[in-house]
Number of protein chains: 2
Amino acid sequence: MITISKEDYLKEIYNLSCESRAKVSTSTLAEKLSVSNAAISEMAKKLHNSGLVTYEKYKGVKLTGKGKRQALKIIRRHRLWESFLMDALGLSWSEVHAEAEKLEHQTSDFLIDRIDEYLNHPKCDPHGHPIPQRDGKIPAVPQSLNLTAAEKGNCYTIVKVVDENKELMDYLTSISIGLNTEIKLIERLSFDNSILVVIGNSNYRLSEQVASKVFVTLNRNSNE
Amino acid sequence: MITISKEDYLKEIYNLSCESRAKVSTSTLAEKLSVSNAAISEMAKKLHNSGLVTYEKYKGVKLTGKGKRQALKIIRRHRLWESFLMDALGLSWSEVHAEAEKLEHQTSDFLIDRIDEYLNHPKCDPHGHPIPQRDGKIPAVPQSLNLTAAEKGNCYTIVKVVDENKELMDYLTSISIGLNTEIKLIERLSFDNSILVVIGNSNYRLSEQVASKVFVTLNRNSNE
DNA sequence: ATACAAAGTTAAGTATACTTAAATATTTTG
DNA sequence: CAAAATATTTAAGTATACTTAACTTTGTAT
């Protein structure tokens with residue numbers, strides 16, 4: 001039987017394997033899930049026995065096809081709930097993550113499909129992440145660039161934020177950053193890699209840490 | 001800490017004490033929650049130690065003020081979710097119970113208040129049960145009569161169904177019974193207490209078991 | 001090549017929430 | 001009012017999902 005805990009493990013293994021592309025180390029997982037290494041070793045065995053991951057002692061874990069499908073289902077539920085809570089109930093993008101984190105484990109296939117229909121089968125969630133479809137396929141999203149790699153003088157459109165920390169989201173909102181916001185790079189300080197940007201009619205200085213969470217696409221005629 | 005299990009116990013104790021008005025016996029609770037009597041004895045002690053119920057060995061349990069407030073919060077979440085799933089997502093009244101049963105345990109005060117606002121602070125859920133308010137108060141609902149006590153020749157309006165069994169709900173829907181449906185009693189067979197009723201332009205015979213789940217109010221000028 | 005630090009696992013223990021079976025109260029009835 | 005029937009509790013055991021502490025493996029640096 002798949003439990004809430006197991007769903008959380010699978011989701012996290014999926015997220016980590018997207019970044020690293022290979023096997024996920026048990027200590028990285030432990031860190032992300034805020035549990036001990038011992039808890040990971042134990043759960044790795046169980047997930048292996050259920051055919052959801054491959055696991056060899058001292059070698060980390062990797063999702064099987066079955067495990068990946070399951071992980072994508074959970075991510076689908078999470079992202080659809082986030083979208084729905086904003087759309088239907090007017091929650092802000094800083095509020096939806098925590099709620100979706102709980103609701104995602106208690107949502108039938110039937111209900112999630114109804115939510116998907118209500119939203120008209122959206123491709124992306126409120127943070128710009130693609131929403132896995134019913135069949136597990138992940139919609140293609142435009143190639144994007146990290147704000148830390150943006151070039152002076154260019155205009156960009158914000159298409160993704162890769163952290164769901166509430167404080168970060170609230171901060172971005174406070175400086176008028178949202179999905180599809182236009183942003184122009186004025187300068188970069190090589191001292192700390194902070195950048196000065198224009199959003200609307202105001203200038204803001206963003207730290208490298210903040211910029212690293214934001215992804216953009218280059219606008220046409222931005223060099224005019 | 002209050003867990004999903006404890007929430008289910010409190011909710012069930014509340015429901016049973018509404019019917020019986022007094023202490024709830026452990027075996028009745030065990031029956032309703034589909035667990036062993038032993039599980040109830042154990043949990044009764046825990047709930048007593050948390051100040052949520054009073055419990056004396058062999059004497060059953062009773063909600064304290066604190067326990068009742070907690071129970072009403074859970075029932076509020078359940079009924080608001082049911083209303084919301086019908087209203088916002090178009091689920092049928094036979095579908096909402098099972099979904100709400102899961103979502104009710106994963107809903108923050110913040111989210112439930114947003115749902116309440118969306119629905120414009122409804123007084124009743126889709127089955128005609130009053131929805132406890134934010135402050136724990138229960139809206140007054142019109143005095144109603146069980147269909148088994150309805151009188152021949154009278155016209156009634158359906159205001160409540162006190163069972164959320166999916167099969168029953170689907171059956172009622174199939175014979176056009178919903179909340180606010182008008183219904184006229186044609187005759188009652190004393191042999192089995194079944195009744196013959198008119199709904200819309202059709203006649204239906206309802207068993208005593210079905211009628212006992214349905215509550216109505218008498219319509220004015222129904223004797224014309 | 002080995003010694004050592006880092007990474008990972010095992011062992012033992014905890015809390016929750018169940019189970020069945022045995023024991024003990026309570027209630028009913030003859 | 002005592003015996004039988006019923007209701008309830010206790011005891012012992014299970015599964016999940018954690019913990020800390022001790023131990024083992026792996027990889028690296030001299």
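Within every chain, numbering begins at 1; the chains are lettered A, B, ... in the order of the sequence lines, protein sequences first and strands thereafter. Every value quoted in this text rests on a predicted model; they were computed, and no experiment measured them.
Atom NE2 of B:H48 is separated from atom P of D:dT9 by 13 Å (rounded to the nearest Å). Between the OH atom of A:Y55 and the P atom of D:dT25 there is a distance of 13 Å, rounded to whole Å. Atom P of nucleotide D:dT8 and atom CD of B:E56 are separated by 14 Å, given to the nearest angstrom. In this structure, NZ of B:K59 is placed 14 Å from C1' of D:dT9, rounded to the nearest angstrom.
A salt bridge links B:E7 with B:R77: at least one charged nitrogen is closer than 4.0 Å to a carboxylate oxygen.
B:R134 is linked by a salt bridge (Lys or Arg N to Asp or Glu O under 4.0 Å) to B:D113, counting only residues two or more places apart in sequence or in another chain. Annotation: salt bridge (Lys or Arg N to Asp or Glu O under 4.0 Å) contacts of B:K73 (sequence neighbours excluded): B:D109. Taking B:K166 as the reference, B:D170 meet the side chain to side chain donor-acceptor pair (under 3.5 Å) condition, with sequence neighbours excluded.
Pairs engaging residues 39-50 of chain B under the side chain to side chain donor-acceptor pair (under 3.5 Å) rule: none recorded [sequence neighbours left out].
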5' to 3', nucleotides 16-25 of chain C under a 4.0 Å protein heavy-atom cut-off (B base, S sugar-phosphate only, - none) gives SBBBB---BS
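For B:K57, no side-chain nitrogen or oxygen approaches OP1 or OP2 of C:dT26 to under 4.0 Å. Taking only side-chain nitrogens and oxygens, A:S41 never comes nearer than 4.0 Å to OP1 or OP2 of C:dT10. Contact between the side-chain N/O atoms of B:S27 and the OP1/OP2 oxygens of D:dT8 is found at a separation under 4.0 Å. OP1 or OP2 of C:dT10 has at least one side-chain nitrogen or oxygen of A:K45 nearer than 4.0 Å.
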Please output the side-chain donor-acceptor pairs of residues 79-87 of chain B that fall under 3.5 Å, not counting sequence neighbours, one pair per line with the distance.
unit_1 : atom_1 : unit_2 : atom_2 : d
B:R79  : NH1    : B:P130 : O      : 2.6
B:W81  : NE1    : B:T107 : OG1    : 2.8
B:E82  : OE1    : B:H127 : ND1    : 3.1
B:E82  : OE2    : B:H78  : NE2    : 2.9
B:E82  : OE2    : B:H97  : ND1    : 3.4
B:S83  : OG     : B:R79  : O      : 2.8

